[in-house]
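To keep things clear, I will list the structure first and then write my remarks on it.
Along the sequence shown, the residues carry numbers beginning at 1.
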Amino acid sequence: MTLPLPARRLAAALAACGLLGTPALAAPLPVVVDKVLLQQPSVRSAQALLRAAEAQITQVRSDFLPSLGLSYRNSDARDETQGRPVDRNVRRSDASLRWNVFNGAADTHRLRAAGFTRDAADADLDSVLEQVAFEITETYADVVRLRQTMTSLQGTIARQEKVEANVAQRVDAGRISSAELDLMHVRLIQSRTLLGQLRAQLGTAEYRYRLLTGEAPDDLITPGIRPTDRDADMDALVERIHERNPRLRAALQRSSARKADIGVARGSFFPAVDLSINKRLDNSTLPVPVSDTDRAAQLQVSIDIPLGGKNLGRHSEAVERHQAAQADADDLLLKVSREITDLYRQLGEAREIAPLTERRVIAAQRVAAAYELHFEAGRRSLNDLSIAQEDLFNAQRALIENRAQQTTLQAQLLSLAGELRETLRTRYQPVPILPELLGTTPYNPALAAAPIPVVEAPPAPEMELSPAITSTAAGTSTPPVSVTAKETDAAGPEQRLAAWAAAWSAGDFSAYRDFYLPDFQPGKGRSTAEWENERHLRVTQAQSPSVRIDKLKLRQLNAERMSTRFIQHYSAGHYRDTVRKQIDWVKVDGQWRIAAETVLALPPPPRSERPPKRCRRFLQISIFPSPTRSANSAQANVFYEKNNIFFINEKLAPFLLDLLETYPQAPRRPKEPIMRLLATAFIAALAATPAFAAPAYWTDWTSTSNVASAVIGELTVGSTTIGVTYSGSYSFAQTSGGVNYWASNPVIYTSPSVDNGPTTADIIALDGGGTKTITFSQSVHNPLIGLVSWNSNTVDFGVPINVLSFGCGYWGCGAPVVNPAGTGFFGNGELHGVIELVGDYTSITFTDVSENWHGITVGVLGVSTPGTQVPEPVSLALLGSALGALALARRKR
C-alpha cells in the first residue's frame with residue numbers, strides 16, 4: 001500500500017530520528033567481508049593448524065635444553081648373604097641431569113623444518129582468507145546480477161503482455177489471424193519459463209549469501225574495484241602473483257621443510273654424544289650392604305646403528321619426499337601461471353567490450369521502440385517486434401553479466417595475489433548500472449541527429465551571397481529565434497532556414513515537421529512515415545540540442561524553386577558534428593517548403609594540403625612527412641603510389657608542385673591522357689627505385705619437427721616454390737588453422753611497400769630466448785618478418801632492418817624502438833607489425849629474449865632475380881623525357 005505524501009514525510013522524519021524500527025540497509029561489500037571473514041569454519045580450521053605448527057616449534061626447541069631427572073626408591077626385600085637370609089629395607093633418592101651435546105645437527109634441521117611448516121600454515125591461512133573473501137565477493141555480485149537480470153526480464157514480459165492484449169483486440173475484431181496471438185503466447189511462455197529459472201538461481205545465490213555472511217542480501221548494489229596503472233602491466237602482475245600467491249608460498253615452504261627433513265635423517269649417521277650427571281641425594285639401607293654407590297658422574301657416547309639399513313631408508317625417504325614437494329610446487333606454479341593468463345585475458349576482453357554492451361542496449365532500446373510504432377502503423381510484423389524485444393533483453397543481460405564478470409575476474413586476480421582483502425578496503429567503489437539502461441524506454445546520454453547518408457553532389461555553379469545574410473556567411477551563428485513555420489510562411493528561404501534551425505534546437509517536432517512538404521521523400525528507399533518516426537525520436541529526445549548555420553549560400557533556380565547550401569554545426573549532450581548540407585526549397589501556395597535535404601561531402605582541404613588546380617586536373621597527389629631513418633629507402637627519397645594517388649615526400653613537394661604549375665590550366669582534352677602519362681613518367685623518374693605497394697607472399701607452415709626443434713613450410717611466388725625452415729626453440733606452431741592472430745587488424749600488416757598481410761592463421765610462437773635461424777631453399781630479396789605481441793622483447797638481426805608498419809593488434813598496442821645500429825629493436829608495449837631485411841638472403845639469424853610467447857611468420861615480395869631494379873640511365877632518360885614534354889607543352893601555350 002502506498003502511503004499519502006504527509007504520511008511518507010512523517011515516516012521519513014521518524015526514521016531520521018531513530019524512532020521508526022525500519023531495518024538498516026545492507027553494509028557495503030568490504031564491511032561484509034571484514035565482518036564475517038573470521039567466522040567461517042575453514043578460516044577457524046586454518047587458524048587452529050597455525051597454532052599447532054607454532055606449538056610444534058616449541059617442542060623442537062626444548063631438545064636444545066638439558067633434561068632433569070628425579071627418582072625415589074622405597075623397597076623391602078629379603079636378600080641372602082653367605083647362605084643366611086637378611087631382611088633389607090632401602091630408602092634412596094637420586095637426581096640426574098642429561099644433556100645431548102651432539103647428534104649430527106639433527107635437532108637444528110628439525111627446528112628449521114618446524115619453522116617452514118609454521119610459515120606454510122600461515123600462508124594456508126592467508127589463502128583461506130583470500131578464498132573466502134573471493135567467495136563472498138562472487139556471491140554478492142551474483143545476487144546483484146540475477147536481480148538485475150530478473151528486473152530486465154520482468155520489463156520485457158510486461159511489454160509482451162501489453163502487445164499480447166493489443167493483438168488479442170485485433171484478433172477479436174477480425175483484423176489479424178489468431179496465429180499471431182499464439183505467437184505471443186509462445187513468446188510469453190518462453191519468457192516466463194526463463195523468469196522461473198532465474199528465480200530459482202537467485203534463491204540459491206541468496207541462500208549461499210546467507211550461509212556465508214549470516215545476513216539477508218538486502219539492497220545490494222553492483223560492486224566494483226577501482227583499477228590502477230599497475231594492474232594494466234601483465235608482466236608486473238604475474239611477477240607479483242608469483243611472489244605473493246598464498247598457495248604457492250605454502251607449497252614452497254613445505255618443500256623447504258621437506259629439505260630440512262633430509263638434514264634430520266642425515267644426522268642419524270653420526271654418533272650421539274650425551275653428557276649425564278647423576279647425584280644420589282639420600283640413601284638409607286638397613287642392614288647396610290657391604291658396598292654401594294653414594295654419588296656418581298658419567299660421560300656417555302653411544303652409537304646406534306640399526307641393522308637392516310633403517311637409517312639409509314629414512315634418508316632416502318626424506319630425499320624423495322622433498323622432490324615430491326618441490327614437484328608439487330612447480331606444478332602449482334604452472335597452474336597459477338595459466339590461471340593468471342586466462343583470467344587477465346578475460347578481464348581485458350570484458351573491459352574492452354564494456355562500452356559496446358552499453359551502446360548495444362541503447363541501440364536495442366531504439367529498435368524496440370521504433371518497431372512498436374511500426375507495428376502499430378502496420379509496417380512491421382509481430383514476429384519482428386517480438387525479436388526486437390528479445391534482442392533488448394539479451395542486450396541488457398549482456399551488459400549486466402559484463403559488469404559482474406569484470407568484478408569477479410578482478411577479484412579473483414587480486415585473490416591470487418593475496419591482495420583482495422586490502423584492495424576491498426582501499427579501492428572499492430560501487431558501479432551501479434543506470435536505471436535507464438535497464439528500462440525499455442529509449443535512452444541516450446547524447447542523442448544526436450541520425451546522419452543522412454553522404455552524397456557527393458555534382459559541382460554546382462558558384463552561388464552569390466545574399467546581402468541579408470552576410471553576417472551568417474561570415475561565420476557567425478544563427479540567432480536562436482523562436483519562430484514557427486506559420487509565422488515565416490511569407491519569409492524567404494534564408495529566414496525559413498533560420499526558423500527551421502530554431503525549431504530543431506527547441507525540440508519542437510510539430511514546428512520542425514511543418515517546414516517540409518507533406519509528402520516529403522527522404523530517399524534511400526525510406527517512406528515518409530518511417531522518416532517521420534525517426535525524426536520525431538531524434539528531435540524530441542536529444543539533450544539540449546543546438547543547430548548553428550554558417551556560410552550560407554543561395555541559388556535561385558526559378559520563381560518557385562530555391563537552393564540553399566551551408567555548413568551545419570550540431571551538438572546534443574556530449575555529441576558534436578559538422579556537415580555540409582544542401583536544402584532545396586519549393587514554393588507551394590505562397591509558402592516555402594523543404595523538398596529535398598542532402599548531406600554533401602566535407603569542404604575540400606586548404607590549398608596548402610592539396611596540389612594546384614592545374615595539377616589536379618590530371619594527377620592526384622598527396623604529401624606525406626619525411627619518414628624516419630628506418631623507413632623504406634625509396635619511400636624516404638621520393639614517393640609511392642596506391643590507388644592512382646601519388647604520395648610525395650614533403651621535401652620534394654615544393655619543387656614538384658612549382659614545376660607542375662607550368663602545366664596549362666585548361667589544356668585541350670585530347671592531350672590530357674598524354675600529359676598525365678608524361679607527368680607520371682616524370683614522378684617515376686625522380687625515384688631511383690620504384691616503391692609501389694606489391695603483393696606479399698607469406699609462408700605456409702606445413703609441419704613441425706620435435707626432434708630438431710624446427711618448423712617447416714614453403715613459399716609460393718608465382719611458379720616458384722621456396723622451402724622455408726625455422727630452427728630454434730618455440731612454444732607452439734599453427735600449421736593448419738587455429739586462432740588467426742593476424743586478422744584482428746589486417747591494416748597494420750600493410751604499408752606502401754606491402755599490399756597484404758598474412759593470409760592464413762599460420763604462426764610460430766616463440767617463448768625461450770636465444771638464437772633462431774630461418775633458412776630459404778633459394779635466395780630471396782628483402783624478406784619480411786610478421787610480428788605478433790613482441791612485448792618488452794629485444795631482438796637483433798645483425799643486419800639493417802626497415803620497420804614497414806606497426807600498430808594495435810590482437811593483444812594490444814605497441815611500438816618498436818630501433819637500436820642505434822638499425823639492426824634490431826625493442827618492443828615498447830604489445831608490438832604488432834612487419835619489418836623488412838634489406839638485401840638478398842638464403843638464411844636469417846636473429847636473437848631474442850624470453851617471453852610468455854611472441855609470434856612470427858615469414859614473407860617475401862619476390863625472389864632474388866637480376867635486373868629487378870630500374871638502372872640509373874633509364875631513370876635519367878625518363879626524367880629527360882618528362883622535362884622535355886613539359887617544356888614543349890609550355891611553349892605551345
Side-chain angles (χ1 to χ4, degrees), residues 137-138 140-142 144-149 151-153 156 198 221-234 237 338-368 387-414 416 427 429-440 442-448 574-575 738-748 761 788-789 791 807-814 829-830 832 852:
T137 303
E138 184 182 34
Y140 190 106
D142 204 33
V144 175
R145 175 185 66 83
L146 290 169
R147 286 179 175 176
Q148 291 174 337
T149 306
T151 300
S152 172
L153 183 56
T156 300
L198 291 174
I221 57 177
T222 307
I225 298 173
R226 186 171 60 256
T228 60
D229 293 338
R230 66 175 187 167
D231 293 341
D233 188 348
M234 181 176 177
L237 178 64
R338 287 195 297 267
E339 191 173 2
I340 294 169
T341 303
D342 182 51
L343 292 174
Y344 188 84
R345 301 300 185 196
Q346 290 184 45
L347 179 59
E349 293 294 334
R351 284 176 173 171
E352 185 175 352
I353 203 173
L356 301 180
T357 59
E358 291 191 8
R359 278 186 273 177
R360 177 186 174 188
V361 169
I362 294 171
Q365 287 176 333
R366 294 176 185 171
V367 171
I387 293 174
Q389 291 175 340
E390 289 184 4
D391 287 344
L392 174 56
F393 167 69
N394 291 331
Q396 292 173 336
R397 187 175 188 177
L399 171 63
I400 295 167
E401 291 180 349
N402 178 268
R403 292 285 183 89
Q405 184 186 27
Q406 287 189 60
T407 301
T408 303
L409 291 172
Q410 193 172 6
Q412 194 167 0
L413 280 171
L414 292 168
L416 288 174
R427 289 163 45 198
Q429 63 176 12
V431 285
I433 300 176
L434 292 175
E436 293 85 355
L437 291 176
L438 298 181
T440 56
Y443 166 75
N444 190 340
L447 188 62
H574 298 289
Y575 179 86
V739 178
N740 194 336
Y741 298 100
W742 313 101
S744 62
N745 188 6
V747 177
I748 65 171
V788 168
S789 183
N791 181 25
C808 298
Y810 188 89
W811 297 115
C813 303
E830 294 287 359
H832 302 73
N852 183 24

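- Heavy-atom neighbours of E352 CD from other residues, nucleotides or ligands within 6.0 Å: at or below the threshold of 12.
- In plain terms, the two heavy atoms of A141 and A404 that are nearest each other are O-CB, 4.4 Å.
- The shortest side-chain heavy-atom distance between I225 and Q429 does not fall under the 4.5 Å cut-off.
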**OP:** Starting from the C-alpha separation in whole Å, work towards a yes-or-no answer on salt bridge (charged side-chain N to carboxylate O under 4.0 Å, His left out) for R397 and E390.
**Re:** CA-CA 10 Å; R397 187 175 188 177; E390 289 184 4; over 6 Å; no

Subject >> L146 and I400: CA distance, side-chain angles, deciding distance, side chain to side chain contact (heavy atoms under 4.5 Å, CB included) verdict >> reply: CA-CA 9 Å; L146 290 169; I400 295 167; over 6 Å; no

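- T137 is not listed as a side-chain neighbour of T408, based on a closest heavy-atom distance of 4.5 Å or more.
- The main-chain N or O of A364 is never found under 3.5 Å from a side-chain atom of D391 such that the two would form a donor-acceptor pair.
- No salt bridge links E349 with R345; every basic N to acidic carboxylate O contact stays at or beyond 4.0 Å.
- Side-chain contact, Q346 with D342: a donor N or O sits under 3.5 Å from an acceptor N or O.
- The heavy-atom pair separating Y140 from I221 by the smallest distance is CE2-O, 3.2 Å.
- Judged purely by atom type and a 3.5 angstrom limit, T357 uses its side chain to pair as donor or acceptor with the backbone of A354.
- Closest approach of V361 to A395, counting heavy atoms only: CG2-O, 3.4 Å.
- Expressed to the nearest 0.5 Å, how far CD of Q412 lies from OG1 of T407 amounts to 12.5 Å.
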**OP:** Walk me through it: do E401 and T149 pass the test side chain to side chain donor-acceptor pair (under 3.5 Å)?
**Re:** CA-CA 9 Å; E401 291 180 349; T149 306; 5.5 Å; no

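- Counting only N and O atoms by type, the side chains of E830 and S789 include a donor and acceptor under 3.5 Å apart.
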Original post:
Step by step, would you call L392 with Q365 a side chain to side chain contact (heavy atoms under 4.5 Å, CB included)?
Top reply: CA-CA 6 Å; L392 174 56; Q365 287 176 333; 3.4 Å; yes

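- Within the 4.5 Å cutoff, the side chain of L409 has no heavy atoms near those of the Y344 side chain.
- Between R145 and E138 there is no salt bridge, since none of the side-chain N atoms of the basic residue sits less than 4.0 Å from a carboxylate O of the acidic one.
- Between A350 and Q405, the shortest heavy-atom contact is CB-OE1, 3.7 Å.
- Counting only heavy atoms from C-beta outward, the side chains of L413 and L347 approach each other to under 4.5 Å.
- The shortest heavy-atom contact between A743 and P746 is O-CD, 3.5 Å.
- Side-chain atoms of E358 never come within 3.5 Å of backbone atoms of L399 as a donor-acceptor pair (strictly under, hydrogens ignored).
- Shown here are the side chain to side chain donor-acceptor pair (under 3.5 Å) partners of Q396, two or more places apart in sequence or in another chain: S152.
- If you take CD1 on I387 and CG on N394, they are separated by 11.5 Å, rounding to the nearest 0.5 Å.
- Judged purely by atom type and a 3.5 angstrom limit, N745 has no side-chain atom pairing as donor or acceptor with the backbone of G809.
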